[in-house]
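Scope of the values below: all heavy atoms of this structure, side chains included, with no hydrogens, waters or symmetry mates.
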Number of protein chains: 2
Amino acid sequence: MDMSQRKLEILKAVIDDYIVSAVPVGSRTISRKYMPNFSSATIRNEMADLEEMGLLTQPHTSAGRIPSDRAYRLYVDQLMGGEAMLTKEDVAAIRQAVNRRTDEMEEVIRRTASVVSELTHYTALVLAPQLRRMTLRRIQLVGLTRGTALVVIVTDAAVAKDSIIRVPESLDDDDLAEISRRLTQRFAGHALTDVDVNMVPGMSDELRRNRDFFHSLMTVLEDTVVQNDGGEVVMDGAVNIFNYPEYQDAERAKAFLQFLHTRDRLYRMLAGRTKREYSITIGEENAEPDLQDCSLVTATYRVGNRPVGSIGVIGPTRMNYPRVMQVLRLMGRSLGETFAQVLHEDREDQ
Amino acid sequence: MDMSQRKLEILKAVIDDYIVSAVPVGSRTISRKYMPNFSSATIRNEMADLEEMGLLTQPHTSAGRIPSDRAYRLYVDQLMGGEAMLTKEDVAAIRQAVNRRTDEMEEVIRRTASVVSELTHYTALVLAPQLRRMTLRRIQLVGLTRGTALVVIVTDAAVAKDSIIRVPESLDDDDLAEISRRLTQRFAGHALTDVDVNMVPGMSDELRRNRDFFHSLMTVLEDTVVQNDGGEVVMDGAVNIFNYPEYQDAERAKAFLQFLHTRDRLYRMLAGRTKREYSITIGEENAEPDLQDCSLVTATYRVGNRPVGSIGVIGPTRMNYPRVMQVLRLMGRSLGETFAQVLHEDREDQ
DNA sequence: TGTTAGCACTCGAGAGCATAGAGTGCTAAC
DNA sequence: GTTAGCACTCTATGCTCTCGAGTGCTAACA
């Protein structure tokens, strides 16, 4: 059986309708609303073919048709167009989320998640810029009380992270400044993952004397990379799932929300997708069993040319893909520009 | 109608049973399981009285009885005993949550919420130590790139907060150190809410020259107090609500989860309760309409003698109050001790 | 006077059944 | 190739019936 143009047209109509109605679509609906030139009987024949091809399914004999995961895949790859364009308000909301002046990266990320979930009515995920993909610009140790210090790690995209460590009481502020200077001199321009205290020239004497200190310093640096990479997934709009009839069942809603609760899995999902600009996984294409009746759409965002993080949306497979992709595209670009801007300003200052 | 001892006993039995079963309790159940010396008929008469007194209600004529909010109030105030003691494992879990060596206050708070929700199976809330209740120990400005600096605010309970600000490019590291020194000298020992740059002696010349800078510095300090106070409510175990039959209905679960999503309301609720060691509001005692079929139990925790934050549990009015209170009591103390310990160590250092 | 056995009564949950309506597949005619 | 017509299927809905848990009341009992 070959795939005629008309079959594709019918398939698209079924999906478009099902996306908004969530109710199995019958041949008469298609005939009336989408293709009045053909009778329901004609559509019916075609739909039977589409079912045989594995693109449509029937929940039961006398019900309409529902698109299969494969159908959504086809839809996403070939069928869907630019329908559901963003309105001026949408665009404004996106711009505003990232453009409000702030140096708090976390805050920008949170607003991003909030706006994406609001505009799409699905659950939004944002993977914060990943440190391991950034280069170090500066390490600064700041004495707090005697015996403790703050480690501030500055990267090329934004100030990233700080952490408190114990330091030998023998070190005074000047010592810390000197250590900071050397570490910075040695590592500025390197990826964070490369940092290794043994590489610091002229540090070996101090190293020997203050073994414990440097050890904990390294632990902090490593933790910073690891923790940040594992922890910085921001989510918003999880309750949106209740808007969709497929999750009116408390059991399913619970399973979904519980899945979202395991940040590390979310992280792995998002982090594994930063290679391509967009990534869409539909239903059973998802490796996670709890996600096999959902779709996940992600877009990476870039600082300069480097992809540093990603934004994603989770919703039912019956998702408004065109709109979601448009939101993610614009949001990703805006976010990247914002981070790049911070970078740029800093460069100008120097 | 007067309240006999036996009526109280029956009421307690009804509540104890309903707390675990979630099913209206009949007279026969009470007679068999709790008071075999009396027949179901006797219990029945007493229950009818209790209903007339507004302590029990019937969902419909031929069903058992359910405790009213007033009954829970009575139970909490007079009836409940020390049943459901914490096990050794419970105690260990609580201790471990706060004792693991860390200087990251946020991390301790998160673990606290996690353990409380795990041990109680309800939703846990933790209000982080409130800055406005702390005294300042040190303000430190750290130059990052030229034109930006990190403001670190150290309080007497823990390092609290840092934030990035723009600074005049004319200021070098020494200037920042000097400003930090003066601010610290002037404000150490004061409550954070008192901080006002105009009060700094000898600062007026610089103030005039660097108006914008000081303005933004003050903004940061104020924001730090406000933001921290408004934002630092950590929640865990929200999905636990699905464990309870009264929330099997997706609509109710949604309403509950949506309510938890508005952090500022949670904040106000928790912050308004730091005067008394414990606070229990049951059902309609709650001002928030969305919470009127829930109970909220909170306990404050103290650093030294000052209450600085609180821990809370939200669940159905049919809540295991004794256990929840025991968990909160121990957790509150442990948390207070942990923060006090940080304080103590710092003092030793000086 | 307090307690209890007995009994009629009430109400909701759940099973069983009939009906309406949406949608299908197939056939025959255009 | 398209379509009208029709028998068929299946679900959702509403109705009735029954079962069982629990009640309130009365009368007997200690």
Side-chain angles (χ1 to χ4, degrees), chain A residues 1-11 13-15 17-18 20-68 71 245-246 248-249, chain B residues 1-11 13-15 17-18 20-68 71 245-246 248-249:
Chain A
M1 192 167 335
D2 57 339
M3 183 59 115
S4 69
Q5 191 57 37
R6 193 173 64 186
K7 278 196 177 59
L8 289 176
E9 209 174 319
I10 292 173
L11 183 62
V14 171
I15 296 177
D17 201 79
Y18 187 65
V20 306
S21 73
V23 166
V25 186
S27 54
R28 228 179 84 90
T29 309
I30 300 296
S31 165
R32 266 183 321 170
K33 295 208 323 202
Y34 299 89
M35 308 177 73
N37 297 334
F38 298 98
S39 77
S40 65
T42 308
I43 310 286
R44 213 144 50 226
N45 290 328
E46 297 281 51
M47 283 169 89
D49 291 352
L50 286 167
E51 179 163 5
E52 206 176 324
M53 298 162 79
L55 294 169
L56 294 179
T57 58
Q58 274 184 302
H60 56 87
T61 324
S62 71
R65 256 82 175 199
I66 288 178
S68 69
E246 38 272 77
Q248 282 312 82
D249 175 37
Chain B
M1 190 167 335
D2 57 339
M3 182 59 113
S4 68
Q5 190 56 39
R6 193 174 66 187
K7 278 197 177 60
L8 290 176
E9 210 175 319
I10 291 174
L11 183 61
V14 171
I15 296 177
D17 201 81
Y18 187 64
V20 307
S21 74
V23 166
V25 186
S27 54
R28 229 178 83 90
T29 308
I30 299 297
S31 165
R32 266 183 319 170
K33 292 207 325 202
Y34 299 89
M35 309 176 73
N37 297 334
F38 298 99
S39 76
S40 66
T42 308
I43 310 285
R44 210 140 57 223
N45 290 330
E46 296 282 51
M47 283 169 88
D49 292 350
L50 286 167
E51 179 164 4
E52 208 176 321
M53 298 162 78
L55 293 168
L56 294 180
T57 58
Q58 274 184 302
H60 55 89
T61 324
S62 72
R65 256 83 173 199
I66 288 178
S68 69
E246 38 271 78
Q248 282 312 84
D249 175 36

In whole angstroms, how far is the [atom2] atom of [N] from the [atom1] atom of [X]?
X      : N       : atom1 : atom2 : result
K7(A)  : dT2(D)  : NZ    : C1'   : 14 Å
D17(B) : dA21(D) : CG    : C1'   : 15 Å
D49(B) : dT3(C)  : CG    : P     : 12 Å
E46(B) : dT4(C)  : CD    : P     : 11 Å
F38(A) : dA4(D)  : CZ    : C1'   : 17 Å
Q5(B)  : dG2(C)  : CD    : P     : 17 Å
Y18(A) : dG23(C) : OH    : P     : 14 Å
H60(B) : dC11(C) : NE2   : P     : 9 Å

For DNA chain C, whose closest nucleotide is more 5', that of T29(A) or that of P59(B)?
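Looking at the nearest nucleotide for each, P59(B) comes out on the 5' side.
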Between [X] and [Y], is any pair of side-chain heavy atoms under 4.5 Å apart?
X      : Y      : value
T57(A) : R65(A) : no
Y34(B) : D17(B) : yes
V14(B) : M47(B) : yes
E46(B) : S4(B)  : yes
R28(A) : R44(A) : no
L56(A) : I66(A) : no

Measure across S27(A) and S40(A) and return the closest heavy-atom pair with its distance rounded to 0.1 Å.
CB-O, 3.5 Å
Using the criterion of both pairing distances under 3.5 Å for Watson-Crick and G-U wobble pairs, give all stems of 3 or more consecutive pairs involving DNA chain C.
C:1-30 with D:1-30
R6(B) charged N/C atom sitting above F38(B) aromatic ring, 6.0 Å / 45°
yes
Please determine whether a side-chain nitrogen or oxygen atom of R6(A) lies at a distance below 4.0 Å from atom OP1 or OP2 of dT2(D).
yes
Using a cut-off of less than 4.0 Å, is there contact between a side-chain N or O of T42(B) and OP1 or OP2 of dT3(C)?
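The answer is no; no side-chain N or O of T42(B) sits under 4.0 Å from OP1 or OP2.
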Letter per nucleotide, 5' to 3', of nucleotides 24-30 of chain C [B base touched, S only sugar-phosphate touched, - untouched; heavy atoms, 4.0 Å]:
BBB----
Do the side chain of S68(B) and the main chain of L55(B) share a donor and acceptor less than 3.5 angstrom apart?
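Flag set: sc S68(B) to bb L55(B) pair under 3.5 Å.
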